[in-house]
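This report refers to the structure that appears directly beneath it.
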Amino acid sequence: MHNDTELVERAQQGDLTAFKELVTGHKKMVYYLAYDLTRNREDAEDVSQEVFVKAYRSLKSFRLDAKFSSWLYRITVNTCLSLKSRKSYSTMKTFEEIGSSTEPEAGEPGPERETEFGFIRSHVEQALSKLSKREKAIFIMRNYSGMSFQEIVEILKIKPATARNFNFKALRKLRKELAFYKKEI
Amino acid sequence: MNDCKKIESLMERALYQELTAAESEFFDRHIALCPECAKDYEEYRTIITACAAEPRPEADTAFMNRFWETLAPKIKKIEKKRSARVHWWIDLVHAFRFETAWKYQLAGGVALLLFGIFIGNYLKKGTEPMHDDRIAEQTDAAVQQTVSEIEALNYIQRSKVLLLGLMNFDPATDDVETINLERQKKISGELLTKAAEIKSVLREPSQRQLKKLVSDIELILLQIANLDAKYDLTGIEIIREGVKSKGIILKIHIQEMKKEEKKLTPENTNLNNDTKTI
């Protein structure tokens, strides 16, 4: 098993096998981030392929002082943001889809609470369209993908305070959008 | 009230359990006492928890299994494009490097040489003060001017000889036969026929004085040509007075001096030499 740095160096010298290993090691992470950002399986599949094509094209310009995974994530976020602007996709899940979610594991909310969260989530997803691209990306990365602010900062190359501000701003906007639901919370 | 503001500033970190122990204690104590802040916190927390609890569907296994197979043709396409770009450069470099391509080298050399000649000619033309046509035009004009002046001066010269003969004749002491009046009249007639032609070619502003002198002389010559009698001494006296009063001899001398000056000027030397050959 080789580490990313070694594989990247080899891939930069034209070793296609090394690049294949990098793809194998990161394809799932890229796909899931793409899914979180696009909220759509087909789009996530398209984006994850496009991310590796872009990565291969720009591999020689990648400097090893950064994490390869962070670089891939940045490409993923940017690809998703541009995808959203060119595709009008329907990301809203139906209530049936929310209700038919998988069985909760230990420590996760029970079926009743999960249904309530599903209802909130469906409205949150609608409200996400009211956010700016950056606010939405940061909110999703932090609250859907479960990335820490430190990871977000590394990926997007922004200041920690900026990441936090965008996230809380997004949260405030969502709360405002969900005001009709407040009584039921 | 002040505590609520402080709670607001801690809210974002509190939602992600990032407060210090002291901050957390302060936050919890305030939330327990302040229903408004507690409501805010609860609403934010519900949104965050709802998002975090969303089950993420597993990626399609088939898609993941054929991920590289789908990606590989796209990668190969990029590689093909790249190598095609590199080959273009390599081919060009080889064409000018290896001896098998001596024809290309020769062609390139010739092209460079022609280009150099073209540039050289272009620059040379740029530094030249005037084009050949313009020089020729100006030379022609200068030659024309000089020719007309020479003709005028010849006319003046011949007139001067005639006039000096009259001016040196003293009717009181000299014999009228000595001036050969008939011959004087004949020469005057010849000069008069040329006068009009000479005046017509003296068009330049610098030739104005010369033209005026030719006109003055013409008038005198006309009087000489019109002398009636063989011994028209009165007429001769009138002509003498006219020449004196108009300062014609002096003017002739001035024009002669100007001619000498022009001959000595270096820039006219060649031109004058040229006109002699014309």
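Hydrogens, waters and symmetry mates play no part in the numbers below; they use all other heavy atoms, side chains included.
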Discussion item. With chain A as the partner, which of B/M64, B/R56, B/K77 has the greatest number of non-hydrogen pairs under 4.5 Å?
Written reply: B/R56
Distance check, rounded to the nearest 0.5 Å: [X] atom [atom1] versus [Y] atom [atom2]?
{"X": "A/K54", "Y": "B/I78", "atom1": "NZ", "atom2": "CD1", "value": "11.5 Å"}
{"X": "A/L16", "Y": "B/K76", "atom1": "CG", "atom2": "NZ", "value": "7.5 Å"}
{"X": "B/W68", "Y": "A/K20", "atom1": "CH2", "atom2": "NZ", "value": "7.0 Å"}
{"X": "A/L128", "Y": "B/C51", "atom1": "CG", "atom2": "SG", "value": "7.0 Å"}

Discussion item. Angle between ring planes, B/F67 versus A/F52, binned at 30° and 60°: parallel, tilted or perpendicular?
Written reply: perpendicular
Item to complete: Answer yes when B/E18 and A/R164 have at least one side-chain N-carboxylate O distance shorter than 4.0 Å, and no when they do not.
Response: yes
Can you confirm whether more than 12 heavy atoms, excluding those of [X], are under 6.0 Å from its [atom1] atom?
{"X": "B/E79", "atom1": "CD", "result": "yes"}
{"X": "B/E69", "atom1": "CD", "result": "yes"}
{"X": "A/R134", "atom1": "CZ", "result": "no"}
{"X": "B/E23", "atom1": "CD", "result": "yes"}
{"X": "A/K169", "atom1": "NZ", "result": "no"}

Practice prompt. Would you name the heavy atoms of A/Y32 and B/A59 that are closest together and state the gap between them?
Written response: OH-N, 3.1 Å
Discussion item. Which one wins on heavy-atom pair count under 4.5 Å against chain B: A/L171, A/L174, A/V124?
Written reply: A/L171
Discussion item. Could you check whether any side-chain heavy atom of A/Y56 comes within less than 4.5 Å of a side-chain heavy atom of B/L71, counting everything from C-beta outward?
Written reply: no
Which atoms of [X] come close to chain B, meaning under 4.5 Å heavy atom to heavy atom: side chain ones, backbone ones, both, or neither?
{"X": "A/R172", "value": "both"}
{"X": "A/S148", "value": "neither"}
{"X": "A/F139", "value": "side chain"}
{"X": "A/T24", "value": "neither"}

Discussion item. Taking the cut-offs as 6.0 angstrom to the six-membered ring centre and 45 degrees off its axis, would you call A/R175 and B/Y44 a cation-pi pair?
Written reply: yes
Worksheet item: For A/F149, is the NZ or CZ atom of B/R13 found under 6.0 angstrom from the centre of its six-membered ring and inside 45 degrees of the ring axis?
Response: no
Item to complete: Answer with side chain, backbone, both or neither: which region of B/I75 has an atom nearer than 4.5 Å to a non-hydrogen atom of chain A?
Response: both
Worksheet item: Between the main-chain N or O of B/E58 and the side-chain N or O of A/R41, is there a donor-acceptor pair closer than 3.5 Å?
Response: yes
Discussion item. Checking B/Y16 against A/N167: is there a side-chain donor and acceptor pair closer than 3.5 Å?
Written reply: yes
